[in-house]
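In what follows, a single structure is set out as structure tokens and then discussed.
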Amino acid sequence: MIRHIVRKEFTDLLRDGRFRWCAAIVGVLLLVSLGSGLVETRRAEAAHTAARETARDHWESQGEKNPHSAAHYGIYAFKPRLPLSFLDQGVDPYTGTSVWLEAHRQNDFLMRPAQDATAGQRLGALTAAQVLQYLVPLLIILLAFGALAGEREQGTLRQLLATGISRRDLALGKALGVAGALALLLIPAAIVGSAAITLGSPGPAATPFARGTVLAAGYLAYFAVFVALSLAVSAWVRSARTALVALLGVWVLNGLVAPRVAVDLSKWLHPTPSAVEFARTMEREVRSGVPGIERPDRGETTARLLAEHGAETVDDLPVNVIGVYLQESEEFANQIFDRNYGDLWNRFERQGVVHEALSVAAPLLAVRTLSMGLAGTDVEQHRHFATAAEQYRRDLMRRMNGDLAENSRTGETYIATEDTWAEVPPFQYDAPSLGWVLQNRTLSLGMLGLWLVGAFLVAGSLVRRAEVA
Amino acid sequence: MTLRTVLRNEWRLLRADRALALVLVVFALLFAYALANGLAWVDFQEETLAAAREGNAERVETLEAELQRIADGGQPSSPFRDPRSPSVLGGASGAQTAVLDPGPLTALAVGQSDLLPYYYDVSIQTNESSFLQNGEIENPLNLLVGRFDLAFVVVYLLPLLILALSFNVLSGEREQGTLALTLSQPVSARGVVTAKLAFRAILVMGLALGVSLLGVLFSGGFGSPGRVALWCAAVAAYALFWFTLAAWVNGLGRSSAWNATVLVGAWLLLVVVLPAGVNITAGLLHPLPSRVEMITAQREASNEAVNQRSELLARYLEDHPELAGGVAAEEANRAALAWAATDAVNRRLEEVTSVHGERLAAQQALVRRYRFLSPALLTQEALLDAAGTGDARFARFQSQVREFAERWRTFFVPAILAGEQMTADVLPALPSFRFVDEQMREVRARAAIPLAALGGLLVLVGAGAVARLRRVTGP
């Protein structure tokens, strides 16, 4: 019996002009956004790879100079695009793309692509993720709002139940019918998506297939929530029209209102300092230290070095004290940077948790967080890259200061050879593993699971109690 | 029976309808919430700017005190930071903060003000790469989602309120069987629909405009009545567009359910799908030029500059013979050499930026053409322009900062080349920045385009509605 219900629902939907039109629009948008995302990602990654090579080349061919001059010259790091970022560009347009790694300072990422776009472009970027998060649920609502309420209005619900089918099977059949119709749209999109992953973008390896599979599962769960919710509302309210209005209300709340409320709530709960305030605090702390992190004292360092080497004056030391001073001052400043940037990043992450927690009212927030996480375009993975770049900077400075300290004497004019620069290993970034991402996203995964179970339980109970006429 | 009777009847119906009253209350709350958000954002910006100005004043005080101390025979605190040297006084330690005060109606529309920088520290080191800096510290996730401000409520949610109130103004009467009765009176269908919609429009626009004016009142924006008028015009035109669309759809004579589906579909298409579609098209056909090449260019220029410092100085003085007299003829000082290198890098950066800027402007012009496809995009543009948080005002700020940086350089560079020493006396004579805000004339001229397009759409849809409604003579 349930097979007949599925087949009837499926055929009905396919014959429905409204569905065909909506599905065609959503399908085209999905394919176009996949394609344009892929083109854009490959273009950006090609530009970044070229810039990365040039930057390395600049570093290696900077000529003979003092290692500290080389440290000031520094090197630029460019953020790679991960293979899945074509599906969901996430926060990438709003984080910088490049950072200058130089002596004494941890710099901010510069050049946010969004700053070059117009205000209108901020109103709605269309990525595959956005089609999946906003438009597919809408399609589901349009497919399913009349599933039970419509039958009831036409009086066919009584007939159906008279055939002896259980309400549960009826609802399940309807759900599967809707799912079948959706599959016609989603399967081609999934094939295009996997083909795109196979073609691959040249970003750092990040187990794209495993990530893609979890991503697909997450979206399927999200769609299932909407199917169940639609059926629940359709069983609950009297008319199909009321069901549609109520479901559209849910959609607006889920897609438009809740995300923005989350922004304000997160800012209110975890305020971030203004850029002026942040810079001033950092400047003050670098200048005079904070309790527990004292500015290194050159006199003390000199005394320690003299004692260690049993020397009378700095000229007798086998090391260049300037190199030692510089490294100590780097290490001091690093602690100040960790303190300030660490606090800022932690605030961002706590703000992110507010967004995730609000998914209790809007499943979009859970699936969006999950999607950005798996695509590698969330705030946490930006931090992951920023941290790796900063570690590289610190290592670079240690090498430069070490070279200065070990290969020259205090007071000497030291010029390092050109080989020194090539000996520094290039910056290699490894994207975090799937496990790392999922560990960060447990709240979203849990919320999505909760919605799935909750929506099905509610749908089940409302269908059982649905009035026949 | 007259139209006044229709209006009075509508008022009674509305008062009796619990659901409708609830929707209105919910919207009033959303408006209030959006306004509170906008006001909090203005407060934050103002506090930040106060801190920036205070930092600036502190810098000047420190320099003044040190210059005074040196004049009285003291030693500079660091040989690298001797404030008598013009490259120090005009450099980062003497930088002047150029600020853009929040737009007069920022409380109504946050717009681009959370993304684009609204203050810069200007010094002789300011060059094109300074304009790559980020704006305010903000979680990128929050930037991505955007703020819940009045502009958001007006563009996205207000149409839904309008459609909920008016999707069945005519079809509802027909379905209840009251249409025949109504039309048997000396009123036309057009008259009835107009009266009912006018009643609703007064309610909705009263709410939207009332909250807007309240926001203006709280944030002291009445200083620019022209902007307030533009804002109100944009809100009114957009709201009327949706009312007329509802009238037209009602005039087609279908069921209430059909009307609701079509109107919600229109909302989706015009507010959600088209702006996104426009972006996809723009991204594919006119991709934004990447800025990473600017970094490469900057590096190459500075590598060259370092290698040929003394030649650069000679060339610089050839280009600026008026400055040559001041340079100590025999031995160019270190600062002069450094400046010549800096100048060469700046020149190269300006070249790269101007090429990039042209491509960017061309691309943005193309993107902006597409806005005529969606009344939501048009309205957003008009609202942001009226509020002073759109792209134009920020671009204006940036170009004035650019000019100011040039004035700042002109003040210090001759002194650097001549190897002069400065005293506390120059401090009051330093160039200072004041943002010259847009003239109302310019704002009006700019906002006139989207408003005219919106007006044109309104007339078009209105004509369609009138033509359809004229044909409705009975149920």
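In the text below, chain A, chain B and the rest are named by the order of the sequence lines, each starting its count at 1. As the structure is a prediction and not an experimental result, all values here were calculated from the model.
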With a 4.5 angstrom heavy-atom cut-off, could you sort out which part of [X] is near chain B: side chain, backbone, both or neither?
| X | value |
| --- | --- |
| A/His355 | side chain |
| A/Val32 | both |
| A/Trp100 | side chain |
| A/Ala55 | neither |
| A/Leu135 | side chain |
| A/Glu40 | neither |
| A/Phe78 | side chain |
| A/Thr369 | neither |
| A/Leu248 | side chain |
| A/Trp251 | side chain |
| A/Tyr73 | both |

Partner residues of B/Gln45 under the side-chain hydrogen bond (donor to acceptor under 3.5 Å, both in side chains) criterion, sequence neighbours left out: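 Checked B/Gln45 against side-chain hydrogen bond (donor to acceptor under 3.5 Å, both in side chains); zero matches.
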Given heavy-atom pairs under 4.5 angstrom as the criterion, report whether the side chain, backbone, both or neither of [X] touches chain A.
| X | result |
| --- | --- |
| B/Tyr370 | neither |
| B/Tyr119 | side chain |
| B/Leu274 | neither |
| B/Trp258 | neither |
| B/Phe167 | side chain |
| B/Val273 | side chain |
| B/Ala51 | both |
| B/Val264 | side chain |

If we define contacts as heavy-atom pairs under 4.5 Å, which of [options] has the most with chain B?
| options | value |
| --- | --- |
| A/Leu256, A/Leu29, A/Leu244 | A/Leu256 |
| A/Val257, A/Asp378, A/Ile25 | A/Val257 |
| A/Ala50, A/Gly63, A/Ser36 | A/Ser36 |
| A/Ala262, A/Gly352, A/Pro273 | A/Pro273 |

Where A/Val91 and B/Pro140 come nearest, the two heavy atoms and their spacing: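 Nearest heavy atoms, A/Val91 then B/Pro140: CB-CB, 3.8 Å.
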Heavy-atom pair of closest approach, residues A/Val263 and B/Gly146: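 Reported closest heavy-atom pair: CG2-O, 3.7 Å.
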Winner by heavy-atom pair count (cut-off under 4.5 Å) against chain A, out of [options]:
| options | value |
| --- | --- |
| B/Asn37, B/Leu49, B/Thr296, B/Leu116 | B/Asn37 |
| B/Leu115, B/Thr389, B/Leu157 | B/Leu115 |
| B/Glu381, B/Arg299, B/Glu47 | B/Arg299 |

How many angstroms lie between [atom1] in [X] and [atom2] in [Y], if you round to the nearest 0.5 Å?
| X | Y | atom1 | atom2 | answer |
| --- | --- | --- | --- | --- |
| A/Arg368 | B/Leu144 | CZ | CG | 6.5 Å |
| B/Phe44 | A/Lys267 | CZ | NZ | 6.0 Å |
| B/Leu141 | A/Tyr94 | CG | OH | 11.0 Å |
| B/Glu300 | A/Thr54 | CD | OG1 | 7.0 Å |
| A/Thr272 | B/Asn139 | OG1 | CG | 7.5 Å |
| A/Ser274 | B/Ile137 | OG | CD1 | 7.0 Å |

Partner set under salt bridge (Lys or Arg N to Asp or Glu O under 4.0 Å) for B/Arg147, not counting sequence neighbours: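 Residues passing salt bridge (Lys or Arg N to Asp or Glu O under 4.0 Å) with B/Arg147: A/Asp264, B/Glu138.
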Results of salt bridge (Lys or Arg N to Asp or Glu O under 4.0 Å) for A/Arg112 - residues two or more places apart only: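 For A/Arg112 there are no salt bridge (Lys or Arg N to Asp or Glu O under 4.0 Å) partners, ignoring immediate neighbours.
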side-chain contact (heavy atoms from CB on, under 4.5 Å) between B/Thr48 and A/Glu277, intermediate numbers included: CA-CA 8 Å; B/Thr48 306; A/Glu277 198 185 320; over 6 Å; no
CZ (A/Arg105) with more than 12 external heavy atoms under 6.0 Å: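 Count not over threshold, so no.
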Heavy-atom contacts under 4.5 Å, residues 148-156 of chain B to chain A: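 Counting heavy atoms that sit under 4.5 Å from chain A, the residues of residues 148-156 of chain B involved are B/Phe148, B/Phe152, B/Tyr156.
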